[in-house]
Amino acid sequence: MAAFAALTIPLTIAVLVLPLLPPCLGQVVPKNANLTWLTLDDSSPISPLRMNPCMVVFGGEVLALGGLAASGRPLSDVWRSKDALTWTNVHASPSFSSRYASGCAVLGNQILIAAGLRGGRNILRRPTRSVWATSNGHAWRRARDGDFTARENVGLVAFRGQFWLVGGHRFSVSYNDVWRTSDPLKGNWIEVVRNAAFAPRGAMGITVFQGRLWIAGGGVTYSYHFQDVWSSSDGKAWVLAVADAAFSGRSMARLVVFQSQLFLLGGFTVDGVTAEVWTSSDGVNWTQGPRLPVAAGELGAVAVSKGIVIAAGTGLEGEDLVPLRI
């Protein structure tokens with residue numbers, strides 16, 4: 001991949017909403033409404049520019065955790081917002097150890113961030129298996145390191161009362177193992193399956209939908225992008241939903257659930273970064289939804305009652321990576 005360009009795209013935050021409705025995280029959009037992307041004010045106070053942050057919904061707010069700055073420096077700050085317009089710095093000084101390409105998830109009153117890359121984009125990059133937790137977004141506590149191999153671009157979700165970690169990369173090696181823990185502070189990560197039915201991969205979309213774990217796409221480092229979709233009711237036995245989905249192969253896309261549908265957002269394809277959005281009510285049949293305001297991958301993305309909030313990531317300008325603002 002090319003180095004960062006000294007360019008920015010006029011996008012800070014975008015929300016998928018019913019046209020003409022102002023953003024409000026607590027307001028529910030009518031089901032089957034005619035949805036569109038609302039690009040919000042570009043004067044967002046979140047800085048610096050970044051890509052590949054973790055985003056979660058916690059306590060009625062959207063939290064953005066860490067990421068990789070445009071300068072190539074990994075971050076460990078935390079920002080929060082109730083309306084996707086006004087953002088507050090929860091923790092500017094190091095909280096969890098700085099990282100990007102991590103997994104994060106919420107279970108009850110606990111946020112977990114695990115694995116990822118330490119060091120810059122091209123200098124001293126090193127995967128980690130460290131795990132950090134917080135009950136308020138401000139005070140972070142380091143848990144015992146995961147029993148899994150240090151890795152990046154993992155999938156991390158809360159499912160059946162536990163945290164689940166799926167796949168990931170370690171440089172040129174990709175994984176298709178699945179781990180879970182009910183007590184991340186003490187560690188005790190249990191290997192559910194070492195070689196799941198899906199091919200080894202990282203940077204896949206992952207979510208929980210209709211009582212099952214779902215993954216879509218992903219890649220083998222940056223050289224190959226998957227086009228398949230898989231699901232599992234227990235994290236061990238995986239069922240192929242579709243081998244060749246309607247969307248082209250992609251990695252670094254985000255998979256979220258909104259209005260009882262799966263949404264696959266952006267990502268990297270063989271043709272570059274895409275603005276495509278694909279939706280499905282069953283994980284098998286996919287149709288195109290409203291395109292992102294700009295082609296982007298490595299997004300932060302979460303679903304709230306009002307819509308889908310996206311922030312940060314990379315766009316493509318020629319062969320240059322362009323960090324989006326958040």
Side-chain angles (χ1 to χ4, degrees), residues 14-16 35 37 51-57 62 101-106 114-115 152-159 163-169 176 178 196 198-199 201-219 225-233 235 238-269 273-292 295-304 307-314:
V15 187
L16 186 66
L35 300 174
W37 287 99
M51 65 175 66
N52 225 335
C54 269
M55 284 182 70
V56 296
V57 177
V62 176
S102 303
C104 60
V106 172
E152 61 182 289
N153 290 318
V154 300
L156 185 68
V157 293
F159 177 62
F163 290 103
W164 295 69
L165 185 141
V166 180
H169 300 310
N176 60 342
V178 179
F198 58 85
R201 71 191 65 194
M204 61 282 190
I206 184 168
T207 195
V208 175
F209 177 61
Q210 296 181 343
R212 301 175 66 87
L213 288 167
W214 289 80
I215 63 170
H225 306 289
F226 290 100
Q227 194 176 353
D228 52 358
V229 180
W230 295 76
S231 74
S232 174
S233 62
W238 289 81
V239 177
L240 178 65
V242 57
D244 297 301
F247 55 82
S248 60
R250 63 199 56 209
S251 61
M252 297 291 187
R254 299 301 182 229
L255 187 64
V256 301
V257 176
F258 179 60
Q259 291 194 332
S260 301
Q261 292 190 87
L262 293 163
F263 280 72
L264 188 64
L265 311 168
F268 296 95
T269 72
V273 183
T274 181
E276 289 179 350
V277 173
W278 291 82
T279 68
S280 175
S281 60
D282 59 9
V284 178
N285 301 291
W286 293 81
T287 58
Q288 281 198 276
R291 293 173 65 87
L292 298 176
E298 298 182 305
L299 294 165
V302 291
V304 295
I308 299 171
V309 179
I310 61 169
T314 54

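Numbers here simply count residues along the sequence, with the first being 1.
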Residues that [X] engages under side-chain hydrogen bond (donor to acceptor under 3.5 Å, both in side chains), provided they are two or more places apart:
X: Asn176; answer: none
X: Trp164; answer: none
X: Asn285; answer: Asp282
X: Gln227; answer: none

I need the minimum non-hydrogen distance between [X] and [Y], along with the two atoms involved.
X: Ala296; Y: Leu292; answer: O-CD1, 4.2 Å
X: Gln210; Y: Ser281; answer: NE2-O, 3.5 Å
X: Phe258; Y: Ala303; answer: CB-CB, 4.4 Å
X: Cys104; Y: Met55; answer: SG-N, 3.7 Å
X: Gly218; Y: Ser251; answer: C-CB, 3.6 Å
X: Val57; Y: Val106; answer: O-CG2, 3.7 Å

Partner residues of [X] under the side-chain contact (heavy atoms from CB on, under 4.5 Å) criterion, sequence neighbours left out:
X: Gln288; result: Glu276, Trp278, Arg291
X: Ile206; result: Val157, Val166, Ile215
X: Ala158; result: Leu107
X: Thr287; result: Thr279

Name all residues meeting the salt bridge (charged side-chain N to carboxylate O under 4.0 Å, His left out) criterion together with Arg254; count only those two or more places apart in sequence or in a different chain, and write none if there are none.
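Result, salt bridge (charged side-chain N to carboxylate O under 4.0 Å, His left out) vs Arg254: none returned.
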Assess the residue pair Val309 and Val302 against the criterion (side chain to side chain contact (heavy atoms under 4.5 Å, CB included)); give the C-alpha distance rounded to whole Å, side-chain angles, the decisive distance to 0.1 Å, and a yes or no.
CA-CA 5 Å; Val309 179; Val302 291; 4.2 Å; yes
Any chance you could measure Phe159, atom CZ, to Trp214, atom CH2, to the nearest 0.5 Å?
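Here the rounded value is 11.5 Å.
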Apply side chain to side chain contact (heavy atoms under 4.5 Å, CB included) to Trp286 and Leu262, showing your working.
CA-CA 9 Å; Trp286 293 81; Leu262 293 163; 3.8 Å; yes
